[in-house]
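The structure under discussion appears below in the form of structure tokens.
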Number of protein chains: 2
Amino acid sequence: MNAVTIKDVAQAAGVSSATASRVLSGHSATSAESREKVEAAAKNLGFVPNAQARSLRSTKTDTIALLISDVRNPYFSDLAHAVEQQALEAGMMTFIGNANEDSEQQDKFLAAMLSRRVDGLIVVPQGLDEDSEHPSEMMQRIVSSGTPLVFVDRTLPQLNIPSISASSATALNEAIGELKALGHQNIAFLGGPAHASTARERHSAFDAALEANGLTTEKSLHFAGDFRAASGADGAHWVLRHQLEPTAVIIADAPMAIGALTVWREAGIRVGADLSVIAFDEVDAMLMHHPPIATISHDLHSMGRAAVTALQSVMADKEPEPQEFISQFTPRASLAQASVTPGA
Amino acid sequence: MNAVTIKDVAQAAGVSSATASRVLSGHSATSAESREKVEAAAKNLGFVPNAQARSLRSTKTDTIALLISDVRNPYFSDLAHAVEQQALEAGMMTFIGNANEDSEQQDKFLAAMLSRRVDGLIVVPQGLDEDSEHPSEMMQRIVSSGTPLVFVDRTLPQLNIPSISASSATALNEAIGELKALGHQNIAFLGGPAHASTARERHSAFDAALEANGLTTEKSLHFAGDFRAASGADGAHWVLRHQLEPTAVIIADAPMAIGALTVWREAGIRVGADLSVIAFDEVDAMLMHHPPIATISHDLHSMGRAAVTALQSVMADKEPEPQEFISQFTPRASLAQASVTPGA
DNA sequence: TGCTCACGTGTAATCGATTCCATGGAATCG
DNA sequence: CGATTCCATGGAATCGATTACACGTGAGCA
């Protein structure tokens, strides 16, 4: 139906298509007269430029792609929102893709974006399933295609790609310090999947914080989840059955925390009395919980904006300055004196 | 960097670009020999077809767009996920756009999609701010552009567009019946913004359910929120101060419910004792709450799939069969005998 | 006055694929 | 065996914009 092209506009305005193009893209010099005529004609005919044709010739699409690992995780949807807003301000559309924590879907999306010749890519990289030496073949192709690329949240250390990430060291130090002051000795950690660099970072920062606070690190107190609610629930059962009877738990993301807290509620565990809980990611549900849950949070809005800015640097052939955000610890009533151990 | 075109592939394979194209798109008949040669050459050179060029000529993009009103609302991110998965199965990419409950952003996104010539649009329409006679000008242009379009979740009654929506009448009837059986008389409703058809539907179904159960509808017990957490919090305060001292509340979506429940927790109201609560949208946080919150939920996965299917019908110039999903009521421990009224 | 320069404009090439059309050779049929 | 059909293929047009290049005109300068 929309058969109105720039030629139609040009004809209606009585100029050539070159002039019409110049007016509509506002680049070269044009006379006030033809500018007026072309604009009137375009409006009149309801001209909608064909983005395909435009970017075929001009080799830019004004589109970037954002690949996240799970749209339904509020952490990533917040990030996506921040990226999208910032990109919009810079006049670019954002393709949001969903890897579903699955590197096959990731590759599919990346292939589609490559084929669409997006101007740049912001990726929360999926790790490598087993073969941790080589990032996925598709990721290699992206890199060798020369498409501007930055990583956000997670990174792949094998590749030398600008990354925007967060450091939880300071926050975990504070958190562990607080727990120790409350008398906790056995602190469990419900972590994320090892293929995510954030999960590894949080885990090692946890160990470092224990040591820095003079507590012993205990390998058996680490549970490997997958950042989803179901694994948080599994972790919650695991905590209850653990022979060291941990009195405090730190959980690596919000969905896992919600899963775990649901199990503890059902089991009659009193969080903030029997068990102290700290969760990564500040989401509204943590404040709804009774008692409210202490959190370690990232400034996702800033991270999203920083990722776009870094990408713009790469697109302009500049070296983006590396940036690391510091997470913040917020103590709340979910922290209590270590006293009774949770019954099974 | 990626200067490898189909001509390069053709040359490397020793055939013409026409043959190469035929092999790679798998349409017309090609000999086994050239098929083999072309495929080898393409793989060898790392050929990535240029989607712009392809769709410029073939006038299809294998891309649909989904416009939702808030990515950070789990309701919509679930819907987006369902749509995306279903579209992927049908070989189409999905552009997810975010209206932010704002019709200016909606229009911006729609314009971009129109310009990109997406094959179809699935839209959760924003209402009209004041001028409820005319849907936004951009929406009119979409319609007159002939781009296949379906509405999902919400609808715009002024336009005759296929819509996939949910009916909460039955579920609300059950819910109100249950509340009445528990002795509740004054039931408050924290609703959504009037510009959303779902908010209107839920509100009128609420009134109808009251009447059907022989309770009187009371206008002053309706609070107009905006589907976000902050307005839920406002609504919660409003409930506490209400002179009719409602003993039960129904909340129109999950973010508002979380906002409201946070306020009530802070105020020391015992949900499931002092106050009975039912929330729309089944999200994990509702089960985490102590006590778990009764919900009225939609099958978003099916709705998302149905939307894609309906869109495919429209794209094939067929009339999609209209479909309405029935929401489901799940009673939980947040419902209690009406007894004490909540103190202020 | 003559020359250069800048500016607005039109013509035509171009981006990278798909696809219409013509062609030559093989296969099939009477 | 000659005619017809079918199939694989190459040449060239095409999609709708941008843009390199050329041209004419009027201003500025010596």
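Note on naming: letters A, B, ... go to the chains in the order of the sequence lines (proteins, then strands), and numbering restarts at 1 for each one. Only a predicted model underlies this, so the values are computations on that prediction, with no experimental measurement involved.
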Side-chain touch [X]/[Y], heavy atoms, less than 4.5 angstrom:
X	Y	result
A/V150	A/I122	yes
A/V308	A/Q85	no
A/L110	A/V123	yes

Under-3.5 Å N/O pairs linking protein and nucleotides 18-26 of chain D:
from	atom 1	to	atom 2	distance (Å)
D/dT18	OP1	A/R54	NH1	3.0
D/dT18	OP2	A/S21	OG	2.4
D/dT18	O2	A/R57	NH1	2.9

* **Involving DNA chain C, stems made of at least three consecutive Watson-Crick or G-U pairs, both distances under 3.5 Å** =>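 Stem segments, range with range: C:1-30 with D:1-30.
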Tell me if the [atom1] atom of [X] is crowded by more than 12 foreign heavy atoms within 6.0 Å.
X	atom1	result
B/E89	CD	yes
B/E324	CD	yes
B/Q11	CD	no

* Might you point out which heavy atoms bring B/M303 and B/A166 nearest each other, and give the distance in Å? =>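 B/M303 and B/A166 have their closest heavy atoms at SD-CB, 4.1 Å.
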Considering only nitrogen or oxygen atoms on both sides, find all protein atoms under 3.5 Å from nucleotides 23-26 of chain C and state each distance.
none

* Asked: Have B/R116 and A/T63 got a donor and an acceptor in their side chains that come within less than 3.5 Å?
  ->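 Side-chain D/A pair, B/R116 to A/T63: present.
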* Asked: Just checking, any donor-acceptor pair under 3.5 angstrom between side chains of B/R35 and B/T30?
  ->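 Their side chains do contain a donor-acceptor pair, which is all the 3.5 Å distance test asks for.
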Separation of [N] [atom2] from [X] [atom1] (nearest whole Å):
X	N	atom1	atom2	result
B/L56	C/dT14	CG	C1'	12 Å
B/K7	D/dA13	NZ	C1'	12 Å
A/N50	D/dT14	CG	P	17 Å
B/R117	D/dG16	CZ	C1'	9 Å
B/Q52	C/dT14	CD	C1'	15 Å

* **A/I68/A/I96 under side chain to side chain contact (heavy atoms under 4.5 Å, CB included): CA gap, chis, key distance, verdict** => CA-CA 7 Å; A/I68 58 185; A/I96 299 177; 4.2 Å; yes
* Would you say a side-chain N or O of A/S16 is under 4.0 Å from OP1 or OP2 of C/dG10? ->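 True: A/S16 side-chain N/O within range (under 4.0 Å) of C/dG10 OP1/OP2.
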* Asked: What parts of residues 33-40 of chain A reach DNA chain D, counting only heavy atoms under 4.0 Å away?
  ->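 By residue number: none to list.
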* Residues that A/K60 engages under salt bridge (Lys or Arg N to Asp or Glu O under 4.0 Å), provided they are two or more places apart ->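 Testing A/K60 for salt bridge (Lys or Arg N to Asp or Glu O under 4.0 Å), a comparison that skips the adjacent residues, returns A/D62.
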* Starting at CG of B/L156, measure out to NE2 of B/H195 and round the result to the nearest 0.5 Å. =>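 One finds 11.0 Å between CG of B/L156 and NE2 of B/H195.
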* To do: May I have all residue pairs that pass side-chain hydrogen bond (donor to acceptor under 3.5 Å, both in side chains) and include part of residues 311-321 of chain B, sequence neighbours excluded?
  =>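 Sorted pair list comes back empty.
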